[in-house]
Amino acid sequence: MINLIEKVTSFFKNQVFQNTLDMEKNKSISNDFDINGSDVIEDDVVVTSESNNDNPSNNISEEGTVSTLSENVKIEEIPIISDSVSKNDIDEINKVYLSTLQSCDNGYVIGASIRGRSHELHDTPCQDYHIFEKVIDGWYILAVSDGAGSAKYAARGAKANSTFSVRLVKQMLMEKRWIENEYFPTELEWYIEARAIFERIKLIIRTKVSELEEESVEADFNATLLLAIVTPKGVLTAHIGDGRMGYLSDDDEWKAMMTPHKGDEANQTIFLQSGWTSPMVPAFKLGGIFVPEITIVRGMPKAIVLMSDGCERASWECSIMDIEKGKFVDNNIPYKGFMNPLIEALDSCSHEDRMQLFVDILNHGTTACERELDDKTMLLAVFK
Amino acid sequence: MGVERFRGESAPNAEMKCLCVLVMDVSGSMEPCIEELNDALRNFFKDIEYARGLPESTKDQLEICIYAFDEEVMLKRNPCLLKPGEVPAKLNQRGSTTESVAALRAAIQMVEDRKEFYKDTGQPYYRPWIVFMTDGEPYPYRENEIAEIEEQIRLDEKAKKYRIMGLGVGENISEKTLRRLTNNNARKLKGTNFGAFFDWLSNSMGIIVSSKPGQKVDISAGSDEWMSKFDDFEV
């Protein structure tokens, strides 16, 4: 895998990276995309917001409805980069900023982005974002982004990363005809496409930020990106930054689908907006992990989960005492003592009650859930 | 079905630690205010144990280490979490010299040792804090030692090895020297209002342990009770 990625990285430096530095190309690309990202939202979109006035589906214009994936559509501006996300967009009781609930493949997808108590304390909005989108039966796109606490417009960066990634994945799927041909790519192919998507998002944001009247820089929009594509033949993931992605295998074993990028100090990470595209030999890694990192899971899992780091202390084995080694280690495994009861609980309640229960569990289900002060996002797909 | 029927549990992850080293002058000149200092320290421990106005997790994250110094440097509390019902060892003043530089050296070494321990045991941690409290100049005053540690602290803070703050007590404090010993991050206590200072310190620790490293936080709330305003800083 490492050799493979090194080869591809070299390929990219020759073929793709030069393109990304071409300012003329920048302009033509950015004209295709409005920074607001609303053009990725279709009528059947599953992202719903309980209280978010900034919800793209509330703002979408007739112009903004996308008829085909490849069309370049002019969309009226809605705020991602241009305006701040309002702190008032929060359901004051549950602190839910954004929620997702939909049936799929006889199962369901459920997601919530919840404003953390430290964000209340510091009077900042929820800086997480997530999107689930069904492309067609059997093909789903999931994205989670966590805005950097130190970034001026973290919430807007998280929203931009999520919306652009979904849009670009859809475009890629159509143009590569993967759905039509029921094609499942090799690691090499997926790495090339994933890297292209991530570079393109970075480029769009860079271009749009440079057009803003306010004096902003790319880093003001720093946010992570976790991306997963579910296909009938397996799951493809790519990510930059921290957070967690994992799946429940056919033989009921929880496994990770990514290794978070971490620096030397705790909670240090990298963002999609960071300088990871600069040509480097050897290829750029953070904490021993390639940036971006991709994984492929062959075969359909029973469930997959994406989350921001605000959920990991409760639901992930990330700092567990290893008696033999005599130290705490990051096992990087979904904690079955949390994840299995979560799915059991969600399975056992009605579809109507599912979201409230999910949010209640994330807020109060365990001591770690209650104590967590950071924003929390969990996006869980359970397939039957 | 409500959340009460959710039978899941949290993964047994280690809490992210935050070390706070208190370096306190107990030389003879502290005599008029030593009892107030002891009272404030006791309340500081209680505030953390009972999470008074603090995130509940603070007591599982904040490790307190205490040095007292006069002509010698005395380790009063090894760095560790507070034990239930723990009362801090009483500080007693003695008529003697003020070995400030030696005390700071010990505190810096303690920070390094504890960070090594965190790394060896795989525990995540925040940037440690050193709080240096004194009511006068180092005595005897040795310029070469002061210049040496001033430079070390400046470089250490630049490398984000720890954050240091100085608290000057009483009217005989040398602001210039205290600033040199704390990378210019020194404040003067209003009167002997140790209570307000430790209230602020516990609140600040609560804010820090609920933040992400790298995040800018504002710890100025309550600080005007005992000093002039702080600037925002990076955790």
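Here is how names work: the chains are called A, B, and so on, in the same order as the sequence lines, proteins then strands, and each is numbered from 1. These figures come from a predicted structure and were not determined experimentally.
The two atoms that bring A:S319 and B:P124 nearest to each other are OG-CD, 3.7 Å, heavy atoms only. Contact detail for B:S10 and A:T366: the closest heavy-atom pair is OG-OG1, 2.6 Å. Of all the heavy atoms in B:V3 and A:D360, the pair that sits closest is CG2-O, 3.7 Å.
Of the two parts of B:P55, only the side chain, counted from C-beta on, holds a non-hydrogen atom closer than 4.5 Å to a non-hydrogen atom of chain A.
Between B:E56 and A:E370, every side-chain heavy-atom pair lies at or beyond the 4.5 Å cut-off. Contact annotation: the side chain of A:Y335 approaches that of B:P12 to within less than 4.5 Å [non-hydrogen atoms, C-beta and beyond]. No side-chain heavy atom of B:N13 sits under 4.5 Å from any side-chain heavy atom of A:F328.
A:S103 pairs by the side-chain contact (heavy atoms from CB on, under 4.5 Å) definition with A:H351, not counting sequence neighbours.
At most 12 heavy atoms of other shown residues, nucleotides or ligands fall within 6.0 angstrom of atom NZ in A:K336. Atom NZ of B:K158 is surrounded by 12 or fewer heavy atoms from other residues, nucleotides or ligands within 6.0 Å. Residue-environment remark: CD (B:E151) exceeds the threshold of 12 foreign heavy atoms within 6.0 Å.
Without hydrogens or angle criteria, A:R313 side chain to B:A14 main chain gives a donor-acceptor distance under 3.5 Å.
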In residues 59-68 of chain B, what donor-acceptor pairs under 3.5 Å come from side-chain atoms, sequence neighbours left out?
unit_1: B:D60; atom_1: OD2; unit_2: A:R371; atom_2: NH1; d: 2.5
unit_1: B:D60; atom_1: OD2; unit_2: A:R371; atom_2: NH2; d: 2.8
unit_1: B:Q61; atom_1: OE1; unit_2: B:S57; atom_2: OG; d: 2.8
unit_1: B:Q61; atom_1: NE2; unit_2: B:M16; atom_2: O; d: 3.0
unit_1: B:E63; atom_1: OE1; unit_2: B:R114; atom_2: NE; d: 2.9
unit_1: B:E63; atom_1: OE1; unit_2: B:R114; atom_2: NH2; d: 3.2
unit_1: B:E63; atom_1: OE1; unit_2: B:Y118; atom_2: OH; d: 2.4
unit_1: B:E63; atom_1: OE2; unit_2: B:R114; atom_2: NH2; d: 3.0

